[in-house]
Amino acid sequence: MKTNSLIEPHGSKILKAGRVVLFPGEEIGEHTTDKREEIIIVLKGIATLARGDKEIVLNRGDTHYIEEGILHNVKNTSSDELEYIYVVCNL
């Protein structure tokens with residue numbers, strides 16, 4: 001896994017953004033957005049987004065909005081690299 005911040009700490013009062021690369025079989029880990037909203041933008045590969053009891057497949061160019069307080073996980077279940085950007089907004 002490789003990650004890097006797109007908005008440096010203290011660069012924004014309400015936004016946090018980063019680029020993530022997941023290699024085949026890797027996942028971000030289940031987490032919640034608490035009092036934040038999140039958008040995921042797939043740049044390369046195929047993401048499997050686990051949201052509660054649902055799994056949603058996102059392909060290159062797809063975006064997905066995650067409401068505040070939603071438990072989720074991003075997984076790379078394909079044989080290619082997955083690259084995506086996340087943008088989180090504190091409410």
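Worth saying up front: this structure is predicted, and the values here are computed from it rather than measured.
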**Study point:** Under-4.0 Å salt bridge between K75 and E55
**Key:**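 The answer is yes: the pair qualifies as a salt bridge.
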**Study point:** same_hphob_cluster(I70, L58) at 4.5 Å side-chain heavy-atom cutoff
**Key:**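 I70 and L58: one cluster.
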Exercise for review: Identify whether I14 and I85 are in the same connected component of the hydrophobic contact network (ILVMFWY, side-chain heavy atoms under 4.5 Å).
Suggested key: yes
Exercise for review: Check S12 against L15 and note the closest heavy-atom contact, atom names and distance.
Suggested key: OG-N, 3.0 Å
Exercise for review: Grab the two heavy atoms, one from V74 and one from L22, that are nearest each other, plus how far apart they are.
Suggested key: O-CD1, 3.7 Å
Check your understanding: So which of L49, V88, T63 actually passes side chain to side chain contact (heavy atoms under 4.5 Å, CB included) with I40?
Key ->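 Exactly one option meets the side chain to side chain contact (heavy atoms under 4.5 Å, CB included) with I40, and it is L49.
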Review point. How many angstroms lie between atom OG1 of T33 and atom CG of L71, to the nearest 0.5 angstrom?
Key: 9.0 Å
Mark yes or no for whether [X], through its side chain, and [Y], through its backbone, hold a donor-acceptor pair below 3.5 Å.
X	Y	value
E81	F23	no
D80	G45	no
T3	R19	no

Exercise for review: May I ask you to test the I28-Y84 pair for a side-chain heavy-atom distance under 4.5 Å?
Suggested key: yes
Exercise for review: May I ask you to test the V42-L82 pair for a side-chain heavy-atom distance under 4.5 Å?
Suggested key: yes
Review point. Is there a donor in the side chain of E27 and an acceptor in the side chain of N73, or the other way round, less than 3.5 Å apart?
Key: yes
Review point. Judged by modelled atom types alone, do E38 and H64 share a side-chain donor-acceptor pair under 3.5 Å?
Key: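 Not at all, the side chains of E38 and H64 share no donor-acceptor pair under 3.5 Å.
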Exercise for review: Count the heavy atoms of every other residue, nucleotide or ligand shown that sit under 6.0 Å from CZ of R51, and state whether that count exceeds 12.
Suggested key: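 Yes - once you tally the heavy atoms of other residues, nucleotides and ligands closer than 6.0 Å, there are more than 12.
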